[in-house]
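Just so we're on the same page: letters track the sequence lines, and every chain starts at 1.
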Protein chains: 2
Amino acid sequence: MKMSTKARYGLYAATELAKAYDGGTTLSVADMSASIGVTEKYLEQILSLLKSEGIVSAQRGAYGGYILTDKPEKISVGRVLRCLENDLKIVDCIGATCGRKKCAPHALWNKLYKNINEFLDSITLKELLEEI
Amino acid sequence: MKMSTKARYGLYAATELAKAYDGGTTLSVADMSASIGVTEKYLEQILSLLKSEGIVSAQRGAYGGYILTDKPEKISVGRVLRCLENDLKIVDCIGATCGRKKCAPHALWNKLYKNINEFLDSITLKELLEEI
DNA sequence: TTTAAATCCTACTCTTTTACTAGGAATAAT
DNA sequence: ATTATTCCTAGTAAAAGAGTAGGATTTAAA
């Protein structure tokens with residue numbers, strides 16, 4: 001039950017992009033990787049996931065980089081993490097029916113899942129920057 | 001960010017023991033493994049963790065087995081899961097200081113950790129049986 | 001038009017963790 | 001004694017996580 005490095009690095013990158021958003025400047029992978037403490041190659045892959053979810057957009061070529069597609073106060077932490085952490089499903093049977101009938105824990109997993117998502121959706125990247 | 005089978009099997013076993021608690025009867029590993037869908041040998045290991053945490057006690061030898069050390073309404077789901085899931089730490093730096101200064105996500109992990117624990121501590125084995 | 005700086009794409013590999021399997025020792029009721 | 005049980009420890013196979021690696025494509029600027 002650990003958050004992956006992908007999710008952690010990705011959220012950190014998102015906060016860096018949130019800082020840069022007001023200036024309207026893009027940040028390259030090289031710009032971010034050092035301060036996050038992750039290789040450029042790995043961070044590339046992570047940002048491509050954020051891009052495919054529409055959280056960031058990319059400008060290719062020289063002087064290019066990444067930028068948030070929306071204001072930091074419009075992007076929730078939950079949205080970022082779900083995209084990087086397999087939808088935050090803590091057990092496989094979330095949202096489905098497990099084979100077992102009368103599975104008390106099953107209802108628990110669904111409630112826990114909902115609880116986690118609601119918490120993470122209640123915090124935006126802007127709020128994250130302002131320290132929780 | 002997945003709950004391990006150990007935690008899931010263990011919680012299921014705990015609910016079985018909760019059902020049996022009123023009768024004061026012990027349940028053996030063999031009694032439980034079939035309905036949970038796990039091998040006896042694996043379940044043995046899981047129950048030994050619950051025992052070392054004082055959640056269950058064991059009676060060795062013939063006609064022995066396991067029994068909760070306290071009433072189902074006194075044992076929280078959180079206590080069971082923390083014992084099986086490395087204290088439910090979602091990132092390593094929970095409760096400690098990560099190297100980074102000014103790590104906005106760090107505060108988030110701590111809050112998320114607290115949120116999850118409070119939720120799981122608010123539910124007892126008895127309530128779990130009564131369906132959530 | 002060349003060059004340099006960047007994203008994009010895909011495949012591979014190493015490491016760690018998870019999820020068991022296995023064998024037998026110790027204990028206790030009958 | 002025998003049988004049913006927990007207890008203890010070591011080993012192993014599979015899956016997931018965490019990167020590595022190489023190059024193709026795109027774009028701004030010199």
Side-chain angles (χ1 to χ4, degrees), chain A residues 1-13 16-17 20 25-34 36-69 81 83-92, chain B residues 1-13 17 20 25-34 36-69 81 84-92:
Chain A
M1 181 98 176
K2 279 242 169 70
M3 201 62 77
S4 67
T5 60
K6 219 149 83 174
R8 292 193 284 113
Y9 294 153
L11 182 62
Y12 210 111
E16 296 280 306
L17 291 169
T25 59
T26 60
L27 292 182
S28 71
V29 165
D31 289 333
M32 291 181 276
S33 64
I36 296 176
V38 59
T39 62
E40 298 187 17
K41 281 298 191 183
Y42 195 24
L43 187 55
E44 267 181 17
Q45 294 173 12
I46 294 168
L47 283 163
S48 99
L49 290 170
L50 294 177
K51 189 194 167 197
S52 65
E53 269 300 305
I55 294 169
V56 303
S57 64
Q59 167 72 24
R60 297 178 71 167
Y63 294 81
Y66 293 91
I67 192 165
L68 294 181
T69 56
L81 294 181
C83 146
L84 300 169
E85 194 69 24
N86 190 29
D87 210 18
L88 290 172
K89 288 199 195 316
I90 58 217
V91 297
D92 286 324
Chain B
M1 182 97 178
K2 278 242 170 68
M3 200 63 76
S4 66
T5 60
K6 218 150 83 176
R8 291 193 285 113
Y9 293 152
L11 181 62
Y12 210 111
L17 291 169
T25 58
T26 59
L27 293 182
S28 70
V29 165
D31 290 332
M32 291 181 276
S33 63
I36 296 175
V38 59
T39 63
E40 297 188 17
K41 281 299 190 182
Y42 194 25
L43 187 56
E44 266 181 18
Q45 294 173 11
I46 294 168
L47 283 163
S48 99
L49 291 170
L50 293 178
K51 190 195 167 197
S52 65
E53 269 300 304
I55 294 170
V56 304
S57 65
Q59 167 72 23
R60 295 177 71 167
Y63 293 81
Y66 293 91
I67 192 167
L68 293 181
T69 56
L81 295 181
L84 301 168
E85 193 70 24
N86 189 30
D87 208 21
L88 288 173
K89 288 199 194 315
I90 57 213
V91 298
D92 285 325

Checklist outcome for this item: side chain to side chain donor-acceptor pair (under 3.5 Å) filter on B:Ser4, not counting sequence neighbours, yields B:Glu85
Item to check | Most 5' of A:Met1 and A:Gly64 on DNA chain C, judged by nearest nucleotide | outcome: A:Gly64
Item to check | Residues forming a salt bridge (charged side-chain N to carboxylate O under 4.0 Å, His left out) with A:Glu16, sequence neighbours excluded | outcome: A:Lys19
Item to check | Test side chain to side chain donor-acceptor pair (under 3.5 Å) applied to B:Asn86 - qualifying residues, sequence neighbours left out | outcome: none
Checklist entry - Taking protein heavy atoms under 4.0 Å as touching, what does nucleotides 25-30 of chain D look like 5' to 3' if B marks base contact, S marks sugar-phosphate-only contact and - marks none? => result BBBSS-
Checklist entry - Residues in side chain to side chain donor-acceptor pair (under 3.5 Å) with A:Ser28, at least two apart? => result A:Asp31
Please list, one pair per line, the donor and acceptor atoms closer than 3.5 Å that link side chains of residues 38-51 of chain A to other protein atoms, with sequence neighbours excluded.
{"from": "A:Thr39", "atom 1": "OG1", "to": "A:Tyr42", "atom 2": "N", "distance (Å)": "3.3"}
{"from": "A:Tyr42", "atom 1": "OH", "to": "A:Thr5", "atom 2": "OG1", "distance (Å)": "3.4"}
{"from": "A:Ser48", "atom 1": "OG", "to": "A:Gln45", "atom 2": "O", "distance (Å)": "3.2"}

Checklist outcome for this item: Heavy-atom contacts, protein to nucleotides 9-16 of chain C, under 4.0 Å, summarised as B (base), S (sugar-phosphate only) or - (none) per nt, yield BBB-----
Item to check | With A:Ser33 via side chain to side chain donor-acceptor pair (under 3.5 Å) - residues at least two apart | outcome: none
Item to check | Five-pair end axes of the helix from C:dT1-D:dA30 to C:dT30-D:dA1, angle between them (10°) | outcome: 10°
Next on the checklist: Checking B:Thr25 now: which residues fulfil side chain to side chain contact (heavy atoms under 4.5 Å, CB included) with it, not counting sequence neighbours?
Outcome noted: B:Ala20
Next on the checklist: Could you work out, with salt bridge (charged side-chain N to carboxylate O under 4.0 Å, His left out) as the rule, every residue matching B:Lys89, not counting sequence neighbours?
Outcome noted: B:Asp87
Item to check | Contacts of B:Gln59 that satisfy side chain to side chain contact (heavy atoms under 4.5 Å, CB included) - sequence neighbours left out | outcome: none
